[in-house]
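Naming: A, B, ... by sequence-line order, numbering from 1 per chain.
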There are 2 protein chains.
Amino acid sequence: MANKEITIKDVARLAECSPTTVSRVINNSDHPVSKDTEDKVKAAIKKLNFSPNRIAQGLKSDKSNIIGVIVHDICDSYFAEMVKGIEEFISGHEYIVNIYNTSRSVEKEVHAVNMLKANRADAIVFAGGALMDKEYEQKMYTIIEQLKAQGTILLGITPHPFEINNISLGNKTAAKIVTEHLLENGHRKIAFIDGPKNLYTSFLRREGLKDKLMENGLTLPDELIFDGDFSFEGGRKAALKLMDKIDQITAVLAANDATALGLIWELNNQGIKVPADISVVGIDDLPEAKYSYPPLTTVSLPIYQLGTNIGKYLLENLKEKKNSKFNSIDLKLIKRNSVKDIS
Amino acid sequence: MANKEITIKDVARLAECSPTTVSRVINNSDHPVSKDTEDKVKAAIKKLNFSPNRIAQGLKSDKSNIIGVIVHDICDSYFAEMVKGIEEFISGHEYIVNIYNTSRSVEKEVHAVNMLKANRADAIVFAGGALMDKEYEQKMYTIIEQLKAQGTILLGITPHPFEINNISLGNKTAAKIVTEHLLENGHRKIAFIDGPKNLYTSFLRREGLKDKLMENGLTLPDELIFDGDFSFEGGRKAALKLMDKIDQITAVLAANDATALGLIWELNNQGIKVPADISVVGIDDLPEAKYSYPPLTTVSLPIYQLGTNIGKYLLENLKEKKNSKFNSIDLKLIKRNSVKDIS
DNA sequence: TTGTAAGCGTTATCAA
DNA sequence: TTGATAACGCTTACAA
């Protein structure tokens, strides 16, 4: 910017009319404009290749057209797919998709929300699971209240510890579904590779496993819970730790697919056969899940579709103002070849 | 937005001073403000949890703080890494990172640039390779000129067919480096899996291979060029086509790692051993390249670092206004186990 | 040290 | 059918 910007006034001058008239033409206003001037204005716009300054429009209309999307890690296929789905739906409709990558840091997430507030974002999507942290909850609380007072649309994917429109993805259910599958295949001694400790999503998936085990009179001993961080690398490290207890288990549920994939890779690397020696399941159904050795049995959370549903929801609530409901997604067990029937 | 927004006036009222004074406090203005009023203003800001409306600030300062990043496919690790690098550097500094996912469509890319122009973006990064398309060039030309007149910082990663600051990534050189490696290992019959036809990057990498072959008195026959699209799936499909000509070649260069990975996967799937039966190399050094079977030999383009370099460049040129230079990245051959020495 | 007023590029209101 | 004017929230001369 900084230099000379073409404004509505320049157009008005060229079309020999007032800025008001130009505005009316731009916005297809109901207010009548003669065909003649309309043509002149359009010609001028074309000639100058003018586009109205949306910043100024935003100031006037009290809308920024900014949609904030707060993500934990854009390099994680899970978030990349979701963002792509959102973008696909949104960017075509003159909204700005503003990404924040928080690496699950409280500080960065608070910063992101503050920025979005300062920029008067029309909507904010908390795309990642909530952080389980008192400081986080406290800091967020007041900002969220204010955002709500300003009329910002707030959407939480997965339950968040503040009152916004929280969409349940069925994390607990997803864990139950794969656990059930393991159980049906005769597995009783099941280990768990955890997600990030401070993440509510990890908690939910862990609970799903525990609940399903409990329903069947089984338990998840603490020593069969291994650290993880939702990443491929985390899965690899877990595999190394898991080796010691390999004779105590027949199957392992990884908190997400990325972890499961890393786990399988390192297990292979260590000469342990999946599923012959040990069965592995994940959660998410990432695109790459079908290309591991063996292909990963998992639960599909159709993330891209979730993204387009988010986009649709946002668009409807921002534009048409009607209080449209969110289309939730379906979970589905995806059987591939990483589970052995030992029953 | 839409409802009641807290403004500088509210703060002024509470602090019993003028909006001007509040503004001075907010901006740490040189203009003197008494310690007493400063404290009162700060207290009021805190009490109201006020943050200045950056849209309004932007209108005044003729800055939007928007940085547009146009990407081909955010689900491609290549772009995800780059965006993460940019974001990491930028979002901490009160800029808005505005993502567009174009799927290499001329229409979408033009739309993205028009949106960015309408939003008076301070900078635009053309993160993906240029599209080779006459219509694209024409449509872009005038917009680019205008953007330049407005003072927008324009950065092209890889050469683009319009005059902006184009950063060469050394695509041609990268292809030469891996080709050289193949040659050193005794390979003479080398196939190529192409990238998207309309992409300049594909062209450059193909040329690199051809040039290096030519230097050694070799050629790349047309029937040894297989279609691809820079994706894992594309690599898989290419593998199936390649099967017919398997006896005519000893090695294959995939236009990028994603392709190479898909290729290797499908080759394995078809019972063809890499590198025993055929050697495979890629370009990019994606994070997942070291986890294929066998781990992929490739050329590293440190993409995340490229992203942070982009962020740094943008920040320096936007804030300090000094005409800082772009830090280019280094290419490096990454030898892993997908190439067999047959010399 | 403080404040008034004009203006950034738009659009809504009102008048002509 | 057209246009002057005020206003959106903020900053920047200019005055006091």
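With sequence neighbours left out, the side-chain hydrogen bond (donor to acceptor under 3.5 Å, both in side chains) criterion links B/Q57 to no other residue. Every residue two or more places apart in sequence or in another chain that forms a side-chain hydrogen bond (donor to acceptor under 3.5 Å, both in side chains) with A/D73 is listed here: B/K84. Residues meeting the side-chain hydrogen bond (donor to acceptor under 3.5 Å, both in side chains) test with A/E135, sequence neighbours left out: A/K139. The salt bridge (Lys or Arg N to Asp or Glu O under 4.0 Å) search around B/E145 returns B/K148, not counting sequence neighbours. Scanning for side-chain hydrogen bond (donor to acceptor under 3.5 Å, both in side chains) contacts around B/S34 gives B/T37, with sequence neighbours left out.
Look at CD1 on A/I26: it is 8 Å from C1' on C/dT10, rounded to the nearest Å. As rounded to whole Å, 20 Å separates atom P of D/dC8 from atom CG of A/N119. Remark: P of D/dG9 and CG of B/D10 are 9 Å apart, rounded to the nearest angstrom. Atom NZ of A/K63 and atom C1' of C/dT11 are 15 Å apart (whole Å). Whole-Å rounding puts the A/D30 CG to D/dT2 P distance at 16 Å.
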Provide a list of protein-nucleic acid N or O atom pairs under 3.5 angstrom, restricted to nucleotides 6-9 of chain C.
| unit_1 | atom_1 | unit_2 | atom_2 | d |
| --- | --- | --- | --- | --- |
| C/dG7 | N2 | B/K60 | NZ | 3.4 |

Taking only N/O atoms, report every protein-nucleotides 1-5 of chain C pair under 3.5 Å with atom names and distance.
| unit_1 | atom_1 | unit_2 | atom_2 | d |
| --- | --- | --- | --- | --- |
| C/dT2 | OP1 | B/S34 | OG | 3.0 |
| C/dT2 | OP1 | B/T37 | OG1 | 3.0 |
| C/dT2 | OP2 | B/S34 | N | 2.9 |
| C/dT2 | OP2 | B/T37 | OG1 | 2.8 |
| C/dT2 | O4 | B/H31 | NE2 | 2.4 |
| C/dG3 | OP2 | B/S18 | N | 2.8 |
| C/dG3 | OP2 | B/S18 | OG | 3.3 |
| C/dG3 | OP2 | B/T21 | OG1 | 3.2 |
| C/dG3 | N7 | B/R24 | NH2 | 2.6 |
| C/dG3 | O6 | B/R24 | NH1 | 3.1 |
| C/dG3 | O6 | B/R24 | NH2 | 3.3 |
| C/dT4 | O4 | B/T20 | OG1 | 2.8 |

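In this structure, A/K42 does not pair ionically with A/D39, as no charged nitrogen and carboxylate oxygen lie closer than 4.0 Å.
Here ring pair (Phe, Tyr, Trp, His ring centres under 6.0 Å) pairs that include residues 52-74 of chain B, with residues two or more places apart or in two chains, are B/H72-B/F79. A salt bridge (charged side-chain N to carboxylate O under 4.0 Å, His left out) check over residues 103-117 of chain B, counting only residues at least two apart or in different chains, returns the pairs A/E88-B/K108.
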Using residues 304-312 of chain B as the side-chain source, report each donor-acceptor pair under 3.5 Å to any protein atom, sequence neighbours left out, with the distance given to one decimal.
| unit_1 | atom_1 | unit_2 | atom_2 | d |
| --- | --- | --- | --- | --- |
| B/T308 | OG1 | B/Q305 | O | 2.8 |
| B/N309 | ND2 | B/N327 | O | 2.7 |
| B/K312 | NZ | B/E316 | OE2 | 3.3 |

Name each donor-acceptor pair under 3.5 Å that joins a side chain in residues 14-22 of chain B to protein atoms two or more places apart or in another chain, with its distance.
| unit_1 | atom_1 | unit_2 | atom_2 | d |
| --- | --- | --- | --- | --- |
| B/S18 | OG | B/T20 | N | 3.4 |
| B/S18 | OG | B/T21 | N | 3.3 |
| B/S18 | OG | B/T21 | OG1 | 3.2 |

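The rotation axes computed at either terminus of the helix from C/dT1-D/dA16 to C/dA16-D/dT1 lie 50° apart, taking five pairs at each end and rounding to 10 degrees.
Aromatic ring pairs are classed by plane angle as parallel below 30°, tilted from 30° to 60° and perpendicular above 60°; the pair B/H160 and B/F126 is tilted.
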